[in-house]
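As structure tokens, the structure follows; a few thoughts come after it.
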Amino acid sequence: MTNRLFLTAAATVFAVAGLLGAAAPATPVGTKGAAGAGDPLLPLSGDGGLHVRHYALQLAYQPKTQHLDGSAVLSATATQDLSGFDLDLSGLDVHRVTVDGQVVAFDRAGPKLEITLDRPVTDGSDFTVAVDYGGTPHPVVDADGTSDGWTALPGDQGAFVAGEPQGAMTWFPCDGHPTDKSTYDVTVTVPQGYTAVSNGVLRTQHTAAGRSTFRWHESAPMAAYLATASVGRFDVREYWSRRLPVYTAVDPAEKADADGVLDQLPAVISWESSLFGPYPFDSAGAIVVHDKAIGYALETQTRPLYDEAPDLDTLVHETAHQWFGDSVTITQWKDIWLNEGFATYAEWMWDAAHGGASPHARLAQLYARPATDQLWSYPPGDPGQLARLFGVPSYARGAMALQELREAVGDQAFFGILKRWTAEHRYGHGTTAQFAALSASVSGKNLDPLFATWLYSAGKPTKM
Ligand SMILES: [Zn+2]
């Protein structure tokens, strides 16, 4: 993510009341999956007891009325004997839920859709959940005052759909914590003249009776927060870069500023591939809307989403996230520096390779900031509060930690670490502890003091 408008606000805490008190039905086997994946910073996000292998979403959106109709089919596997489970879903009306074709009882409690099974599902079994739903989606306001999720654009422009950290639940029922990654088919029907853009490859599009339907397929595992289905009257460009299909969708009002930057996308992907290893996905692109009030860009998988024409650094940043965040995904939000520190460091390297300051000079320049600067307001390895997740230290001090690592181990080991990291955790997950262990193993050095200082110590380190 790239924040342009970082707002601070009093932390909003999810209402937990009502979620924990429901009595489990008396069934011979199985218990209800936990309400939440247990993330210390977002305890109710995600759901225990199941893994979603694949989402098939069929959506219809009407920009004029902002009404969304949806059908979600989740192919899931039980990770315990289940008598019921929750899915994340905020707002929207649920009309009907079936499990393996049988209508089941459901309830709503805060941002949860609670499903009770007539017949328990045993640990390791595959099952299918189908949810019919609809209504007017509303974004969620996060602890830092920004909002995410399905965001209608002013007038009848369309919608900006970005879900970090918890907004996926505003437009489809999901296991919304990044610990669960799934493949996706997203089909969206919109009035003729609009384009609906999701992740991955566009399989088909057709227009009939004044409505256009776009069928998208994401074949690589994806965290729910990286899914999109943005809608607009876009200027679309499709082309091949080597063997990679590229699809860009740009609001005409941003076209003049965006096109020149987006023309650099193949060069950025190629340059980042030389540093980070092969590009992880089977498609690429960008979505550019025209609403700078949103204030951020997000690395939606294969096709980052920008609230206005990006500058080149932002393009480099969101593209780097395709490796760091999208292919290699965090398991807890407190590890966010593994996304933002790395994407910021990619910007530093790009600038240095194109006549700008060296990463060492950037490190020194930042280190010169006084101890009272917000750069030192929390250690990036442990933000401690949800409101801090996308604060300056996660980005800049995270990148400083990487430059410190590079200076400690040398270029050969450093770039070896980056490539092994993206290869060994490709399409999966990574933790800060695993990154530290890999760095020590590749370099043969004791790096514990370095990571303790740059990731975990409060305040400004005593020396650079
Ligand atoms: Zn970012």
Salt bridge check, [Y] against [X]: does any charged N sit closer than 4.0 Å to a carboxylate O?
X	Y	result
D351	R362	yes
D144	R388	no
R215	D185	no
R243	D282	no
D235	K255	yes

Check the pair Y239, Y247 against ring-ring contact (aromatic ring centres under 6.0 Å, His included), reporting the backbone distance first and the verdict last. CA-CA 7 Å; Y239 60 94; Y247 185 107; over 10 Å; no
Do F276 and F324 have ring centroids that are under 6.0 Å from one another? yes
Evaluation steps, salt bridge (charged side-chain N to carboxylate O under 4.0 Å, His left out), between D251 and R233: CA-CA 6 Å; D251 186 292; R233 291 194 196 87; over 6 Å; no
Are side-chain heavy atoms of [X] and [Y] found at a separation under 4.5 Å?
X	Y	answer
Y133	P173	yes
I294	L153	yes
E238	V246	no
T183	S219	no
P178	W333	yes
R237	V250	no

For A408, all residues meeting side chain to side chain contact (heavy atoms under 4.5 Å, CB included), sequence neighbours excluded: L447, L450
Look at the rings of [X] and [Y] and say which category their plane angle falls in: under 30° parallel, 30 to 60° tilted, over 60° perpendicular.
X	Y	value
W376	Y367	perpendicular
F435	F451	perpendicular
F414	Y345	perpendicular
H317	H321	perpendicular

Tell me, with the steps shown, if F160 and W150 meet ring-ring contact (aromatic ring centres under 6.0 Å, His included). CA-CA 6 Å; F160 174 97; W150 189 287; over 10 Å; no
Just distance, no hydrogens or angles: give the donor-acceptor pairs under 3.5 Å from side chains in residues 393-402, sequence neighbours left out.
unit_1	atom_1	unit_2	atom_2	d
S394	OG	Y378	OH	2.6
S394	OG	L389	O	2.8
Y395	OH	M1	O	2.9
R397	NE	W454	O	3.2
R397	NH1	S457	O	3.4
R397	NH1	G459	O	3.1
R397	NH2	T453	O	2.9
R397	NH2	S457	O	2.8

Steps toward ring-ring contact (aromatic ring centres under 6.0 Å, His included) verdict (W323, Y279): CA-CA 7 Å; W323 286 264; Y279 179 74; 5.7 Å; yes
Is there a donor in the side chain of Q166 and an acceptor in the side chain of D142, or the other way round, less than 3.5 Å apart? yes
